[in-house]
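Predicted model, so just to flag it, every value in this text is computed and none were measured.
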Amino acid sequence: QVQLVESGGGLVQAGGSLRLSCADSGRTFRSYAMGWFRQAPAKEREFVAAINRSGGNTKYADSVKGRFTISRDSAKNAVYLQINNLQPEDTALYYCAGGRMVIAAPSWYDYWGQGTQVTVSS
């Protein structure tokens with residue numbers, strides 16, 4: 001079973017960077033594609049990025065292309081989200097999720113972490 005725990009969020013100034021991490025304490029991490037989503041107050045959860053099981057295929061939301069990079073380390077059962085040039089509109093609770101394929105739709109993801117808060121001040 002996949003058990004996901006996110007970390008690395010915090011309060012940063014606009015233009016800063018963060019690296020979010022998502023660790024899986026289960027034994028089936030390598031079986032899943034992994035995704036990052038975010039949810040701002042009063043908004044729906046939105047897709048950010050996803051990566052396939054091998055790490056060779058990635059997908060990004062148009063709004064984050066060029067600033068966000070997703071990667072995974074199967075030896076550490078972890079997936080990462082490097083976020084550069086943070087903007088106030090990036091403020092949200094960021095979730096990682098384990099799913100069946102690299103896809104933007106949340107319904108295709110079976111396992112979710114509790115989220116890590118990213119707050120960007122202007």
Could you report the tightest heavy-atom contact between S21 and Y80, atom names first, then the distance?
OG-CD2, 3.4 Å
Is there a chain of hydrophobic side chains (I, L, V, M, F, W, Y, each step under 4.5 Å between heavy atoms) that links V118 to F47?
no
Taking every non-hydrogen atom, the tightest pair across A92 and R38:
CB-CB, 3.8 Å
Can you sort out the partners of A23 under side-chain contact (heavy atoms from CB on, under 4.5 Å), two or more places apart, ordered by chain and number?
none
I need the M34 CE to N77 CG distance, nearest 0.5 Å.
9.5 Å
Is it true that atom CZ of R30 has more than 12 heavy atoms of other residues, nucleotides or ligands lying nearer than 6.0 Å?
no
Could you tell me which non-hydrogen atom of A49 sits nearest to which non-hydrogen atom of L81, and how far apart they are?
CB-CD1, 4.2 Å
Tell me, with the steps shown, if S17 and Q82 meet side-chain contact (heavy atoms from CB on, under 4.5 Å).
CA-CA 7 Å; S17 298; Q82 177 69 40; 4.0 Å; yes
Backbone N/O of C22 and side chain of E6: donor-acceptor pair under 3.5 Å
no
Nearest heavy-atom contact between Y95 and G113 is CD2-O, 3.5 Å
R72: what forms a salt bridge (Lys or Arg N to Asp or Glu O under 4.0 Å) with it, not counting sequence neighbours?
none
Excluding sequence neighbours, so at least two apart, what forms ring pair (Phe, Tyr, Trp, His ring centres under 6.0 Å) with Y109?
F37
Do T116 side-chain atoms and G9 backbone N/O form a donor-acceptor pair below 3.5 Å?
yes
Quick one: does any side-chain atom of Y32 pair with a main-chain N or O of D110 as donor and acceptor, under 3.5 Å?
no
Donor-acceptor check, side chain of R67 to backbone of N85, threshold 3.5 angstrom: yes or no?
yes
Where do V79 and I70 land on the side-chain contact (heavy atoms from CB on, under 4.5 Å) test, with the steps shown first?
CA-CA 7 Å; V79 62; I70 189 171; 3.9 Å; yes
Search all heavy atoms of A40 against all heavy atoms of T91 and return the closest pair with its distance.
CB-O, 3.6 Å
Before giving the answer on side-chain contact (heavy atoms from CB on, under 4.5 Å), spell out for L93 and Q114 the whole-Å C-alpha distance, their side-chain angles and the decisive distance to 0.1 Å.
CA-CA 9 Å; L93 188 60; Q114 295 300 306; over 6 Å; no
Do the side chains of Y94 and Y111 join up, straight or via other hydrophobic residues, at under 4.5 Å, putting them in one cluster?
yes
How close do F68 and D90 get, heavy atom to heavy atom, and via which atoms?
CZ-OD1, 3.9 Å
Is it true that a side-chain atom of N52 and a backbone atom of V102 form a donor plus acceptor pair closer than 3.5 Å?
no
Between the main-chain N or O of D24 and the side-chain N or O of Q3, is there a donor-acceptor pair closer than 3.5 Å?
no
Are W36 and V12 connected, step by step, through hydrophobic side chains (Ile, Leu, Val, Met, Phe, Trp, Tyr) whose heavy atoms are closer than 4.5 Å?
yes
